[in-house]
Every structure is written in structure tokens, then in C-alpha cells.
2 protein chains.
Amino acid sequence: MYVVKVATDTAPRAPLSPAAIVAAGITLADEQGVDALSMRNLARSLGYEVMSLYNHVRNKDDLLTLMVDAVAAEIDLPDPSAPPLVAVRAMAVSTNAALARHPWAAPLWLRQAPGPARMRQMDDLLRLMYASGLSRELAHHGFHAVNNHVLGYTLQRLGMGLEGTDLEDKARDFMAGLDADTYPFMVAHIHEHLDGHTGSSFELVLDLILDGLVRLDREAR
Amino acid sequence: MYVVKVATDTAPRAPLSPAAIVAAGITLADEQGVDALSMRNLARSLGYEVMSLYNHVRNKDDLLTLMVDAVAAEIDLPDPSAPPLVAVRAMAVSTNAALARHPWAAPLWLRQAPGPARMRQMDDLLRLMYASGLSRELAHHGFHAVNNHVLGYTLQRLGMGLEGTDLEDKARDFMAGLDADTYPFMVAHIHEHLDGHTGSSFELVLDLILDGLVRLDREAR
DNA sequence: ACCTGAACACCGTTCAAGT
DNA sequence: ACCTGAACACCGTTCAAGT
């Protein structure tokens, strides 16, 4: 007797694992926004029932922590042959790029406990700051300043992880409520954005911070 | 016949209004954290049923927007007699202070649509930047850099609006997982924090940014 | 005009039962 | 070891009914 395998409408489900769940969570958050990432939705996207997820992941907070750390793992490791502050700059740019690919990650960046990938990234960044020749104290502040700048700009740019539609709706409401008489500078500023003839704020201010640190250090000696 | 007013255990409830609801929401979020701010909890704290809130507030998103704008209203208006960049600095410090008083507000700052108070604050900040003598483009970037710095530092400092207990739990877990061999610089950095002999990063980097803008402008001429 | 009970469509998570 | 149905204690919000 032959048993014929029949193709079902639903794809044969892949076996569940922490890695598979995290990957599916990232895909879901990338495509539908973090608000759509419920345990129930996630389980459905994998072809399982909700409760199966809890065999592989402690709870939703644990899942989010793993997801954020997976994004941190996308950050390029520093080039060991580059001068320290050049490598710092490259890490900042790479972090910014990783956060841009996963808009939902930025608001979770500080909320979730750091996993191994983010620990690695922070340790590398600190090592580079300490190796840069800056004073111990300026290296300390520089670490925060750079982290801060990267995360802050991403948050500003992406509007805190809102999906495209929501963001556009808000932007439209925002523009509609703008009165050029009461908020003249806001209107002017937004036009500068729309005209797009202002360069990349991100790299300009990043360099301003890095150069400022070097200058401050030189002046203090 | 006398009707004697008897003191009840529950205080006589104040009449409901948007302002009263927003104020109660802020108190609740300040005291118990934003996670405890459900419409049901909020209504109970006011002595009403959930659905009564919807007579005065469109929905929860609307409420959060009003709450964030109430925090923005706590920011000092710029001193008109101060030089523009001095006033910018004062606004940054005042904004930082307002966000420190209401830790839940920072993560909502970019997520919620700006209300009149935040519009006012942004317009004032832009006016000051444009009046500072900086080039148009540097004023534009400076606006973002300052906003960014203030919000970013608050988020870092407050760990994204987590309540004290949660934060302390996470900090303890974090420290416990720290291995000085694999993350030597993280361990060193945290000790610098605990020893507390690093000055205020906030004002140092703020000045670094403001001074850097002036210097950049001077060099470009 | 303002308050509210019941209901709807969701959440995250636990627990006991299956295999 | 892994999957899952039922259940619990919550959410935000709508709607119709009260006053």
C-alpha cells in the first residue's frame, strides 16, 4: 500500500526552536510592526498554537530581548587595523544602519536587557574609546555621547518604531495642524526637510562630537 | 427631619474633565509607572467607571498625547534677554529636568503627536537657533542635535521609563551576568559609574555640541 | 450631557492533559 | 520532550440603555 504525500495549502511547518521563533518574530515585526507582534500572531505565522512558544522561550520579554540582541549581532565588528576613533565612527554608522533595517528595535534597545551581542558591541566601543588616546574621563563620556547620538537619531528618524502608515498619517495630521503664523520656524524647518537640501545630520553631528572630544582633550593637557 | 451627611470611606469624587483625567493619568504614571496606566486603573483612581473617560477623551492614544504635552508645558520658556545659544542651553537643561520628573514621558515623546506645548517649545528652540548667528544649515542640524541629545540622555538615564523596581532588578541581573574576562571594559565602565567620580555627562556633551556648532560655523566662513 | 452595564475582540500566561 | 485546549486575569473600545 502506498501512502501518497499530498501538498497541503499550509506549508509544512518547520520544527520549533528559540532561533526559529526569534527569526519569525523579527520578520513579523519588520513587516507588520511591533504592535502586530503578539504571541498569538507569532505562533500562527509559524503554524503552531500560542502555548507551544513557551516551550522554547521563557516569555514575551525574553523573546524581545533575544530579538534585540539579534539586531545587535548585525552590527559590524570594528576593523582592528583602523585607528580607534575611525573604528568608533564606523561602528556608529553600522549600528545606525542595523537599527534602520529594524525600526522596531530602537525603542526596545534600552528597555530590554542587553544580550551577548550588545554586550560585545558595548565592550568593543569602550575598548576603542579607551584606546583612542582620550583621557579616561573623556573616553567615558564619549562612549555615552556616541551611543546616545546613534540611538537618538534613529528614534527621531523613525518616529519610535511606528509603521509606515501610522507615521504618514501622523505626519499629515501634523502638517495640517501647522499654522505658519503661530509656528513660523516649525513650518520653515519642515520645508527645509521636504526640500531635502540639508545634508545628513547624522554624520555631521557624529563628527562634531568626535572632533569635539579630541579638541577638548587637547585643550585640557 | 434632618438629613445627616455621613463621611464615606471613598472621597467624594471630583467632576470629570479632560484636565482632571490628564492630571490623574500623570500622577498614576509618575507613581506606578506607565505600565500601570490602563484606562480601567485610571478610571478607578478617579472614582468612575472606565467608560466615563471616553466622554472626555477620545481614546488612550489621545490621553497619552495630552499627558506628554502637559509635561512639555513644564519646560521653562526661554529668557528673552539671554543670548540665543545661552537660552538654547537653558531650554535643554529645563527639558531634561521635566523629563526626569516624569520618566514615562521620554519614550512617548516621539511616539505621540506633538501638542501645542511641544510645538511652542520646538518653535522657540528653532527661533533661537536661527537667531544665534549660525548658518541656516548649521542651525537646522543644531536643532536636531540638541533635541536628540536631551532625549537620548534622558532615555539612557532612565532606562526607557521603567519603574524603579524593574530597573533595579534588571541592573542586578545585568551585573550578575558580567564577566570581567569577556567584557573587561564594560566592567571597568560600570565601576566608573558606581564610584561616581565622573562628572555630568549631560552638560559636558551639550556644551561640546553647542561649542562645536559655533566652531564649525566660524571655520566655514 | 454625562454615566455605565454588558459585550466584543483581543492580550500574556498557567496548568493539566495529551502524545 | 514537545504540543495544546481550556481557563484566568487582564486589555481598549463600542453600543445601547439609563438619568
Could you state the atom-to-atom distance from [atom1] of [X] to [atom2] of [N] in whole Å?
X	N	atom1	atom2	value
Arg13(B)	dC2(C)	CZ	P	13 Å
Asn55(A)	dT14(C)	CG	C1'	12 Å
Asp35(B)	dA9(D)	CG	C1'	16 Å
Tyr54(A)	dG5(D)	OH	C1'	15 Å
Met51(A)	dA6(D)	CE	P	9 Å
Arg58(A)	dT14(C)	CZ	P	11 Å
Leu53(A)	dA1(D)	CG	P	19 Å
Lys60(B)	dT13(D)	NZ	P	8 Å

Test salt bridge (Lys or Arg N to Asp or Glu O under 4.0 Å) on Asp207(B) and Arg89(B) and set out the steps.
CA-CA 8 Å; Asp207(B) 287 333; Arg89(B) 193 184 190 287; 2.7 Å; yes

Any side-chain N or O of Ser52(A) under 4.0 Å from OP1/OP2 of dT4(D)?
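Answer is yes, contact under 4.0 Å.
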
Check whether any side-chain N or O of His56(A) sits under 4.0 Å from OP1 or OP2 of dC3(D), and answer yes or no.
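Checking His56(A) against dC3(D): at least one side-chain N or O falls below 4.0 Å of OP1 or OP2.
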
Residues Arg127(A), Asp123(A); criterion salt bridge (Lys or Arg N to Asp or Glu O under 4.0 Å); working and verdict
CA-CA 6 Å; Arg127(A) 177 175 51 76; Asp123(A) 207 65; 5.9 Å; no

Base-paired stems in DNA chain C, each at least three Watson-Crick or G-U pairs under 3.5 Å:
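Detected stem regions: C:4-8 with D:12-16, C:12-16 with D:4-8.
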
May I ask you to list the residues of residues 39-50 of chain B, by number, that have any heavy atom positioned under 4.0 Å from an atom of DNA chain C?
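Nucleic-acid contacts, sorted: Arg40(B), Tyr48(B), Glu49(B).
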
